[in-house]
Amino acid sequence: TNNLSRHRYLSSSPSDPKGSSGSNIFGKIFFPSLCAITFTLGTWQTKRYFEKIDMVQKRKDDLSLEPLSFDQWRLNNADDNSESASGDVKTKSYRRVTIQGKFD
């Protein structure tokens, strides 16, 4: 009888097939969905990483340029809030500006 109880313990067949089928279906749906979501988020993070690298480089390039006078800057940025021909909103520049005047 000892071998029989050991055989039951090591058996991979469930003792209640009805009870385990619900969790088996849940596992077959949940795990692939979790993998797909994780893959999608990883792809998005990689894309966002390279976008941020490009943004930081553009800002460094803008800051390394010679400063503009305030009048030149104002003329260049007069219509920043308008949309361009392609429909995209213009991005602000991170260029240095010089201003002369008196502070009260």
Side-chain angles (χ1 to χ4, degrees):
T1 62
N2 192 13
N3 286 340
L4 183 60
S5 64
R6 178 182 285 177
H7 178 68
R8 284 185 192 164
Y9 178 71
L10 295 175
S11 175
S12 62
S13 63
S15 60
D16 183 17
K18 281 187 175 181
S20 67
S21 66
S23 65
N24 193 14
I25 291 172
F26 176 74
K28 287 181 179 180
I29 293 172
F30 177 73
F31 184 69
S33 300
L34 186 63
C35 291
I37 290 169
T38 303
F39 176 77
T40 303
L41 288 174
T43 303
W44 172 78
Q45 285 181 339
T46 303
K47 179 183 171 189
R48 182 70 178 138
Y49 170 76
F50 288 111
E51 287 175 355
K52 287 187 86 169
I53 295 290
D54 292 341
M55 283 191 293
V56 168
Q57 186 59 46
K58 173 150 178 28
R59 289 177 182 171
K60 283 182 181 179
D61 292 344
D62 286 349
L63 288 172
S64 68
L65 296 172
E66 288 295 318
L68 292 174
S69 71
F70 179 73
D71 292 331
Q72 290 173 328
W73 176 83
R74 189 172 45 165
L75 289 173
N76 290 341
N77 295 303
D79 59 338
D80 263 357
N81 293 330
S82 65
E83 293 186 10
S84 63
S86 65
D88 297 332
V89 176
K90 290 183 179 181
T91 58
K92 299 255 185 215
S93 174
Y94 284 84
R95 188 149 181 196
R96 294 179 297 161
V97 177
T98 58
I99 298 176
Q100 289 183 347
K102 181 180 175 185
F103 183 74
D104 289 331

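One-based numbering along the sequence shown.
Going from atom CG of Asn24 over to atom CD1 of Ile29 covers 10.0 Å, rounded to the nearest 0.5 Å. Between the NZ atom in Lys60 and the CD atom in Gln57 there is a gap of 6.0 Å [rounded to 0.5 Å]. In this structure, OG1 on Thr46 lies 13.0 Å from CZ on Arg48, to the nearest 0.5 angstrom.
Smallest separation of non-hydrogen atoms from Gly27 and Pro32: O-CD, 3.8 Å.
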>> Let's go through Trp44 and Thr40 carefully: what are the C-alpha distance in whole Å and the side-chain angles of both, what is the deciding distance for side-chain contact (heavy atoms from CB on, under 4.5 Å) to 0.1 Å, and is it a yes or a no?
In response: CA-CA 6 Å; Trp44 172 78; Thr40 303; 5.7 Å; no
> Can you list the steps and then say if Arg96 with Leu65 is a side-chain contact (heavy atoms from CB on, under 4.5 Å)?
Replying inline: CA-CA 8 Å; Arg96 294 179 297 161; Leu65 296 172; over 6 Å; no
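Grouping Ile, Leu, Val, Met, Phe, Trp and Tyr residues whose side-chain heavy atoms lie under 4.5 Å apart, directly or via other members, places Trp73 in a hydrophobic cluster with Leu68, Phe70, Val97, Ile99.
Within a 6.0 Å radius of CD in Glu51, more than 12 heavy atoms belonging to other residues, nucleotides or ligands are found.
Ion pair Asp62/Lys58 flagged as a salt bridge, since at least one NZ, NE, NH1 or NH2 atom sits closer than 4.0 Å to an Asp/Glu carboxylate oxygen.
Side-chain atoms of Arg95 never come within 3.5 Å of backbone atoms of Ser64 as a donor-acceptor pair (strictly under, hydrogens ignored). In this structure a side-chain-to-backbone donor-acceptor pair under 3.5 Å is present from Gln72 to Ser69.
Clustering ILVMFWY residues whenever any of their side-chain heavy atoms sit less than 4.5 angstrom apart, transitively, puts Met55 in a cluster other than the one holding Phe50.
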